Amino acid sequence: MMDLQRTQSLLLLLVLTLLGLGLVQPSYGQDRMYQRFLRQHMDPQGTGGSDNYCNVMMQRRKMTSVQCKRFNTFIHEDIWNIRGICSTTNIQCKNGQMNCHEGVVKVTDCRETGNSKAPNCRYRARASTRRVVIACEGSPEVPVHFDR
């Protein structure tokens with residue numbers, strides 16, 4: 001009798017654990033996309049603007065390992081300013097979804113020169129303050145994709 005109760009308790013615990021893991025999984029995926037956004041696009045302390053900045057940052061942020069990422073934008077704002085953009089009015093993303101938001105920020109755009117090979121990719125930099133569009137997800141919403 002005692003073994004049956006113990007087995008039922010362990011089975012219940014296993015089921016609850018599996019349910020809990022199922023509920024955690026979507027937020028893990030969102031967190032992974034948020035962390036990727038931070039790695040690929042955020043440089044709040046940087047001022048950017050030089051070709052060397054792009055060459056170093058693209059390599060440091062692992063966007064030149066397999067092939068040269070053709071274009072990337074680094075945002076030179078505090079992450080809380082970017083998360084604030086997520087609370088602005090929704091607009092349509094390039095993929096048709098309605099989870100994008102826009103704001104004006106300081107950026108460095110890095111464009112691959114076209115005559116370099118990974119991992120020694122070469123970039124041209126262009127610093128500006130311009131309108132950007134980012135996709136946000138979650139509750140609270142966080143940036144997960146740089147749309148344009």
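The first residue of the sequence shown is numbered 1, and numbering continues consecutively from there. It should be emphasised that the depicted structure is a prediction, and the values quoted were computed from it without experimental measurement.
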Could you tell me which residues satisfy side chain to side chain donor-acceptor pair (under 3.5 Å) with Asp43, sequence neighbours excluded, listed by chain and number? Tyr53
Below 4.5 Å, heavy atoms only, C-beta onward: do Asn72 and Tyr123 meet side chain to side chain? no
Taking the side chain as C-beta and beyond, is there a heavy-atom pair between Pro119 and Ser65 under 4.5 Å? no
For residues [X] and [Y], report the shortest heavy-atom separation together with the two atoms involved.
X	Y	result
Thr47	Thr108	O-OG1, 3.8 Å
Gln40	Phe74	O-CE2, 3.5 Å
Glu77	Asn81	OE1-ND2, 3.4 Å
Gly49	Ala127	CA-CB, 3.7 Å

With Phe37 as partner, the option from Val144, Ile82, Val142 fulfilling side-chain contact (heavy atoms from CB on, under 4.5 Å) is Ile82
First locate atom [atom1] of [X], then atom [atom2] of [Y], and finally report the distance between them rounded to the nearest 0.5 Å.
X	Y	atom1	atom2	answer
Met98	Thr89	CE	OG1	9.5 Å
Glu141	Asn99	CD	CG	7.5 Å
Arg131	Arg148	CZ	CZ	6.0 Å
Asn55	Glu112	CG	CD	10.0 Å
Met57	Met63	CE	CE	7.5 Å
Tyr34	Arg32	OH	CZ	15.5 Å

For the [atom1] atom on [X], are there more than 12 heavy atoms of other groups (residues, nucleotides or ligands in this structure) within a distance under 6.0 Å?
X	atom1	value
Arg83	CZ	yes
Arg70	CZ	no
Gln35	CD	yes

Transitive ILVMFWY side-chain link Ile79 to Val133, under 4.5 Å: no
Co-membership, hydrophobic cluster, residues Trp80 and Val107, 4.5 Å side-chain: yes
Quick check: does any side chain N or O of [X] sit under 3.5 Å from a backbone N or O of [Y], one acting as donor and the other as acceptor?
X	Y	answer
His41	Ile75	no
Gln92	Cys100	no
Thr64	Ala118	no
Arg111	Arg124	no
Arg61	Met42	yes
His76	Lys106	no
Asp147	Lys94	yes

Answer yes or no for Cys54 and Cys110: SG-SG distance under 2.5 Å. yes
Checking side-chain polar atoms at under 3.5 Å, does Thr113 have a donor or acceptor matched by the opposite partner on Asn115? yes
